[in-house]
Undergrad: 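Can you keep this structure in mind? I'll have questions shortly.
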Amino acid sequence: MSDRRTFIQRTLGISASLFATRNLSSQIQQPAKAHVPPARNLPVITTDIGDLPYTMDGNTKVFHLIAEPVKQNILPGKTLDLWGFNGSAPGPTIQVNEGDHVRVIFDNHLPEPSSIHWHGFEDHIRYDGQPAISQPPVKPGGRFVYEFDIHQQGTYFYHSHMAMQEMTGMLGGFIMHPKTPFQPHCDKDFLIHLQEYAVLPNSTVPNTMSMEYNWLLLNGKAGPANTPLIVRLGDRVRVRFVNLGMDHHPMHMHGHTFHVTSTEGGRIPEAAWWPGNTVLVGVAQSRGIEFVANNPGDWMIHCHLPHHMMNQMSSSVGKMTRSTSGMPAGLSMESGMGMLTGSTSTPLGDDYGASLGRGMGFGTTADTATTNGPLSQAKAQTAMPDMDHSQMGDMDGMQSDIADNANTIPNFPQDAYMEGPMMAMDKMVDKPENYGLATGWSGYMMGMMTFVRVLPPDKYDDVIARMKQADRLNDPYASILSRT
Ligand SMILES: [Cu+2]
């Protein structure tokens, strides 16, 4: 009886999975000149971040992970003081193979204790990184050595297990390549960290207690400063989104239907993959998507929360939009530390009342030609002396883009100054990966927005040649450049 039931279950199970496989492959359009290379593991590319190198000690892969304060340039003219690893926040990606024995020597160069949690690892509790529970916190100047026998596969992470340290950049990716490569073969494999910071005007440190985020980053950079994903038309592409932040991010891709093929728990069996063009990446989760890049063009990949598609998104903005000296520091709690009372120069003062995003006025009427219009070039020069205005778009010209009766229309302005030529900085973010994008593209690319550039062979070869020629140190794309 039980044998018969088992037999039926097996039979049904097999036919169900055959059916699912057939169904799925009919949904995925294979490129015309489809070839089916044997699946093999390829290095994962973490754009704008790169990998942590290792040395061998016998059969052990040894990584040296250093927690330290870092200066992270997130956009031309905007550098944040963060805590990260080995010079960047997020820290570099660690890549190992299933079956590897791995040692991570962790040095704490921070001014306070820390410990590293290995998110999703099924390993000995003494290496789990729970401070004071599974290990003593690592004091400033201290060291702790973690050892792992890698028996899992997929997208994992490492991060400080001190919550606020995590929120100031102390996280990184940990890729475990499978012993048997995932099917079908992917030609490109990317990792993208999703992060958000709340940075007050004129400050360089994130306010880790705030949940009003105004800087939204992909791999440590805001659009348009982040680097697009470069793929050849017909490539099968995998993107692994990792979210170690405070907010959730519905990541949307244009022009293609993808399948969700992995979570932070590893590979999803093919019969259970689900199609979509948006995948919600919740906090502490990873979502891996795969698609055949069969539609040529520069397609956006972005978080679809509108506030996450902007830079300096804040209702109490400072220097970015106003000709003031910025927020005064050192005032008392009674006066709201300078934020609530007073007049000029106080972000929430009467004449500079909360405005941006609330339609109540943009600076004072003395600052702007129209109540809510963009600053004139001259005013912008005064307000933002650090920016290279010669490379910005025609701000004065923007006035002509606005209807004469704009100020009589409720809701104006919405995007009239948040996006547009004024924000364009094509030259400031120029790099080989951006070669050939439409002029002015960067004025409309902010926050958690980037491209997957699906390039026909000639354009792909052209961009790759320029990337090679750039000969950059620790190029995150090195693994692709060396095999093309
Ligand atoms: Cu988001």
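The residues of the chain are indexed from 1 along the displayed sequence. All ligand and atom numbering here is 1-based and tracks the order in the structure.
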Undergrad: Would you please indicate yes or no on a ring centroid separation below 6.0 angstrom for His254 and His256?
TA: no

Undergrad: Assess whether ring-ring contact (aromatic ring centres under 6.0 Å, His included) is satisfied between Phe148 and Phe121, documenting all intermediate values.
TA: CA-CA 9 Å; Phe148 305 108; Phe121 284 34; 4.9 Å; yes

Undergrad: Checking ring pair (Phe, Tyr, Trp, His ring centres under 6.0 Å) against Trp118, which of Phe63, Tyr146, Tyr156 comes through?
TA: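 Exactly one candidate clears the test, Tyr146.
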
Undergrad: For Ser115 and Gln135, does a side-chain donor sit closer than 3.5 Å to a side-chain acceptor?
TA: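 Gln135 and Ser115 do not have a side-chain donor-acceptor pair below 3.5 Å.
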
Undergrad: Quick one: name the protein N/O/S atoms under 2.8 Å from the Cu ion (ligand 1), chain by chain.
TA: His249 ND1, Cys303 SG, His308 ND1

Undergrad: Does NZ or CZ of Arg267 lie under 6.0 Å from the centre of the six-membered ring of Phe182, at an angle within 45° of the ring axis?
TA: yes

Undergrad: Give me the ring orientation class for Phe85 and Tyr158: parallel if the planes are under 30° apart, tilted from 30 to 60°, perpendicular past 60°.
TA: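 Answer is perpendicular, since the angle exceeds 60°.
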
